[in-house]
Protein chains: 2
Amino acid sequence: MDKKNHQFLSDKTVEEASRTFKVLADPTRIKILYLLSQEECSVTHITEVLNMSQSAVSHQLRTLRGLRLVKSRRDGNHFYYSCSDQHVINTLTQVITHIDCE
Amino acid sequence: MDKKNHQFLSDKTVEEASRTFKVLADPTRIKILYLLSQEECSVTHITEVLNMSQSAVSHQLRTLRGLRLVKSRRDGNHFYYSCSDQHVINTLTQVITHIDCE
DNA sequence: TATCTATATGATCATATGTTCATATAGATA
DNA sequence: TATCTATATGAACATATGATCATATAGATA
């Protein structure tokens, strides 16, 4: 039971890290975030590009909004979404880059 | 439907990224990987440090082994585990560092 | 050799999560 | 104002996942 020079993680840190990775663990959210990292998009546009149901996209956007990873602005009947957490985007991009360069 | 200068992700890339993030999404695996990133550990040691059942730890190690994120060596009755995917460790460390510096 | 220790693993069960379906709503338009 | 369009959301359902329990196994030791 000798405690060495470890950096122990607090439960809070672990939970927060888990939360971050959980968001990125879903293929649909990966696609949405990657798309939004390149341009602001309306829900309809996301739906068309990803070839998904409007409902599924909206639900995922709600999740992402709840975690403050995306933000939206209204223009008439359209809502335009964009990324609002550069760190998460960086993490996503790094992993994708690493995968693609193999 | 105008396709702009997007980097589109292949399904394979998305799936692979998802797989990576899924592993890191579980608190138990975060703790195990972080511990192993600091020192090689026996299953018993992990079990004690993380205060978890031997079975739960073994199951997670099996998962991690299957994804080649950890490797093990035998010494008599003990199995010593260590990390074998530095990129995943880097990703984990970066996210944790970002969380802790806030 | 009988037993103990360290580890692995299959089955089961509860929980979490993502999609679909149906429906609600606000702004635009006829 | 009636209707259409874009988006949001609750309910229901199927699937995935992690922990536990019971048990198996190989090496160490009495």
Side-chain angles (χ1 to χ4, degrees), chain A residues 1 11 14-36 39-82 84, chain B residues 1 11 14-36 39-82 84:
Chain A
M1 221 61 96
D11 284 355
V14 172
E15 281 307 320
E16 175 88 26
S18 169
R19 223 172 298 133
T20 298
F21 289 123
K22 270 198 180 79
V23 197
L24 294 170
D26 178 66
T28 297
R29 286 192 294 268
I30 290 178
K31 290 179 197 166
I32 292 178
L33 284 173
Y34 196 72
L35 180 57
L36 293 183
E39 60 166 353
E40 192 187 53
C41 298
S42 68
V43 178
T44 304
H45 186 65
I46 299 173
T47 299
E48 287 169 357
V49 171
L50 302 189
N51 192 33
M52 293 185 55
S53 76
Q54 178 266 317
S55 181
V57 170
S58 269
H59 276 298
Q60 292 298 357
L61 286 173
R62 179 181 162 80
T63 298
L64 294 172
R65 239 169 36 225
L67 294 165
R68 317 213 175 256
L69 302 190
V70 302
K71 62 190 174 198
S72 65
R73 75 180 169 82
R74 178 179 220 143
D75 181 14
N77 234 357
H78 295 252
F79 280 81
Y80 290 94
Y81 280 82
S82 56
S84 59
Chain B
M1 217 63 92
D11 284 355
V14 172
E15 281 308 320
E16 174 88 26
S18 169
R19 222 172 300 134
T20 298
F21 289 123
K22 270 199 181 79
V23 197
L24 294 171
D26 178 67
T28 297
R29 285 192 295 266
I30 290 178
K31 291 179 197 166
I32 292 178
L33 284 174
Y34 196 72
L35 180 58
L36 293 183
E39 59 166 354
E40 192 187 53
C41 296
S42 68
V43 178
T44 303
H45 185 65
I46 300 174
T47 298
E48 287 170 356
V49 172
L50 303 189
N51 193 33
M52 293 185 55
S53 77
Q54 177 267 317
S55 181
V57 170
S58 269
H59 275 298
Q60 291 299 356
L61 286 173
R62 179 182 161 80
T63 299
L64 295 171
R65 238 167 39 224
L67 295 166
R68 316 213 175 256
L69 301 192
V70 302
K71 61 191 173 195
S72 65
R73 75 180 170 82
R74 179 178 219 144
D75 181 15
N77 234 357
H78 294 252
F79 280 82
Y80 289 93
Y81 279 83
S82 57
S84 59

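These numbers come from a predicted model, not from an experiment. Naming convention: chains lettered A, B, ... in sequence-line order (proteins, then strands); numbering from 1 in each chain.
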Please state how far atom CG in A:Leu61 lies from atom P in D:dT9, giving the value in whole angstrom units. 11 Å
Can you sort out the partners of A:Arg19 under salt bridge (charged side-chain N to carboxylate O under 4.0 Å, His left out), two or more places apart, ordered by chain and number? A:Glu16
Length of the CZ-P vector between A:Arg19 and C:dA16, whole Å: 14 Å
Do the side chains of B:Glu39 and B:His45 get nearer than 4.5 Å, heavy atoms only? yes
Over all strands shown, is A:Thr63 touching base, sugar-phosphate only, or nothing at heavy-atom distances under 4.0 angstrom? nothing
C:dT9, OP1 or OP2 - any side-chain N/O from B:Arg65 closer than 4.0 Å? yes
Whole Å only: how far is the NZ atom of A:Lys22 from the C1' atom of D:dT17? 10 Å
Has A:Arg62 got a side-chain N or O lying under 4.0 Å from the OP1 or OP2 atom of C:dT19? no
Within the distance-only criterion (no hydrogens, no angle test), does the side chain of B:Arg74 pair as donor or acceptor with the backbone N or O of B:Gly76 below 3.5 angstrom? yes
Which heavy atom of A:Arg29 sits nearest to which heavy atom of A:Val23, and what is that distance? NE-O, 2.8 Å
How does DNA chain D look in dot-bracket notation if pairs are Watson-Crick or G-U with both distances under 3.5 Å, crossing ones as [ ], other-strand ones as |? ||||||||||||||||||||||||||||||
Among the nucleotides D:dT17, C:dA6, D:dA8, which one has an atom lying closest to any side-chain atom of A:Phe79? D:dA8
Would you mind reading off the distance between B:Ile46 atom CD1 and C:dA8 atom P, rounded to a whole angstrom? 9 Å
Sorted by chain and number, sequence neighbours left out, side chain to side chain contact (heavy atoms under 4.5 Å, CB included) with B:Ser58 holds for B:Val43, B:Gln54
Rounded to whole angstroms, how far apart are CZ on B:Phe21 and P on D:dT17? 16 Å
Are any of B:Tyr80's side-chain N or O atoms less than 4.0 Å away from OP1 or OP2 of C:dT7? no
Would you indicate, yes or no, if D:dT7 has its OP1 or OP2 atom less than 4.0 angstrom from a side-chain nitrogen or oxygen of A:Thr44? yes
Figure out the NE2/C1' separation between A:His78 and D:dA8, and round it to whole Å. 15 Å
Those residues that, when tested against A:Ser18, pass side chain to side chain contact (heavy atoms under 4.5 Å, CB included) (two or more places apart): A:Lys22, B:Pro27, B:Ile30
Set of side-chain hydrogen bond (donor to acceptor under 3.5 Å, both in side chains) partners for B:Glu40, sequence neighbours left out: B:Arg73
Identify, residue by residue, the members of residues 25-33 of chain A with a heavy atom below 4.0 Å from DNA chain C, and return them in order of residue number, or none. A:Asp26, A:Thr28, A:Arg29
Contact pattern, 5' to 3', of nucleotides 20-30 of chain D - B, S or - by protein heavy atom under 4.0 Å: BBB---BBS--
Is the distance from OP1 or OP2 of C:dA6 to the nearest side-chain N or O of B:Tyr81 less than 4.0 Å? no
d(CG, A:Leu64; C1', D:dA8) in whole Å: 15 Å
Counterpart residues, side-chain hydrogen bond (donor to acceptor under 3.5 Å, both in side chains), relative to B:Arg62 (two or more places apart): none
Results of side chain to side chain contact (heavy atoms under 4.5 Å, CB included) for B:His78 - residues two or more places apart only: B:Ser42, B:Tyr80
A:Ser84: partners by side chain to side chain contact (heavy atoms under 4.5 Å, CB included), with sequence neighbours left out: A:Lys71
